[in-house]
Amino acid sequence: RLHLFDWSKLGVAPAERDLVNFVGERFESFLATYVRKRALPPSLHLDLFAYYRCLLLLWAITDYGSWILLEEAAPEDKEEAWRALSRIFPIDQAGMQEEMRSLGEVIDRVP
């Protein structure tokens, strides 16, 4: 078996930093399993989820922006970068607030 690890953003941080990557349709069942498998259940904070969600957007903007600015980047890479950025901009603040509200409900339901 081959396993690939991306250590580029490795760091010590609260659980929310990693969990925010799994927010989505099946997050509640993922979170329930995550909490059940830990020796001590984490104390999760919605404001940290919001912070790390914004940080992920900034990382994406930085990464894709560098693809566009690099003269050596292949044309297809630049096109993909523009497509990815067009999904981010303009940043849907109302949508992010709704996402955090829904996430708060999920966190409250999981013991």
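In what follows, every heavy atom counts, from backbone to side chain, and hydrogens, waters and symmetry copies are set aside.
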Enquirer: Side-chain heavy atoms under 4.5 angstrom apart, residues restricted to Ile, Leu, Val, Met, Phe, Trp, Tyr: same cluster for W82 and I61?
Expert: yes
Enquirer: Within a strict 4.5 Å, meaning less than it, do heavy atoms of the L55 and Y52 side chains meet?
Expert: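 Touching, per the 4.5 Å side-chain cut-off.
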Enquirer: Treating Ile, Leu, Val, Met, Phe, Trp and Tyr as nodes and any side-chain heavy-atom pair under 4.5 angstrom as an edge, say whether F22 and L31 lie in one connected cluster.
Expert: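 F22 clusters together with L31.
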Enquirer: R109 versus V106: any side-chain heavy-atom pair under 4.5 Å?
Expert: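 Yes, close enough: below the 4.5 Å cut-off.
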Enquirer: What's the separation between atom CZ in R53 and atom CG in L46, rounded to the nearest 0.5 Å?
Expert: 13.0 Å
Enquirer: Is there a path of hydrophobic side-chain contacts, each under 4.5 Å between heavy atoms of I, L, V, M, F, W or Y residues, that connects L58 with L48?
Expert: no
Enquirer: For L85 and G65, work out which heavy atoms get closest and say how close.
Expert: CD1-N, 4.3 Å
Enquirer: Could you give the distance from OG1 (T33) to CZ (R38), rounded to the nearest 0.5 Å?
Expert: 13.5 Å
Enquirer: Nearest 0.5 Å, please: how far is CG in D47 from CD in E16?
Expert: 8.0 Å
Enquirer: Does some side-chain heavy atom of R101 sit less than 4.5 Å from a side-chain heavy atom of E98?
Expert: yes
Enquirer: Are V23 and L57 linked, directly or through intermediate hydrophobic residues, by side-chain heavy-atom contacts shorter than 4.5 Å (ILVMFWY only)?
Expert: no
Enquirer: Return the minimal non-hydrogen interatomic distance between C54 and M96, and the atom names on each side.
Expert: SG-CE, 3.6 Å
Enquirer: In terms of hydrophobic clustering (I, L, V, M, F, W, Y; side-chain heavy atoms under 4.5 Å; direct or indirect links), are L56 and I91 co-clustered?
Expert: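 Cluster IDs for L56 and I91 differ.
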Enquirer: Between D77 and L70, is there a side-chain heavy-atom distance shorter than 4.5 Å?
Expert: no
Enquirer: Considering non-hydrogen atoms only, spot the tightest contact between A32 and V110 and give its length.
Expert: CA-CG1, 3.9 Å
Enquirer: Is the ring pair F30/Y34 parallel, tilted or perpendicular, if the boundaries are 30 and 60 degrees?
Expert: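 Taking Y34 first and then F30, their aromatic rings lie parallel (interplane angle under 30°).
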Enquirer: Decide yes or no for V20 and Y51: does some side-chain heavy atom of the first lie under 4.5 Å from some side-chain heavy atom of the second?
Expert: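 Heavy-atom side-chain distance check fails, nothing below 4.5 Å.
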Enquirer: Within this structure, what is the CZ-CG distance for the pair F49 and L19, rounded to the nearest 0.5 Å?
Expert: 4.5 Å
Enquirer: Does atom CD of E76 have more than 12 heavy-atom neighbours from other groups under 6.0 Å away?
Expert: yes
Enquirer: Quick one: does any side-chain atom of S102 pair with a main-chain N or O of E99 as donor and acceptor, under 3.5 Å?
Expert: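 No.
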Enquirer: Roughly how far, to the nearest 0.5 Å, is the OH atom of Y64 from the CG atom of L69?
Expert: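 Interatomic distance, L69 CG to Y64 OH, rounded to 0.5 Å: 15.0 Å.
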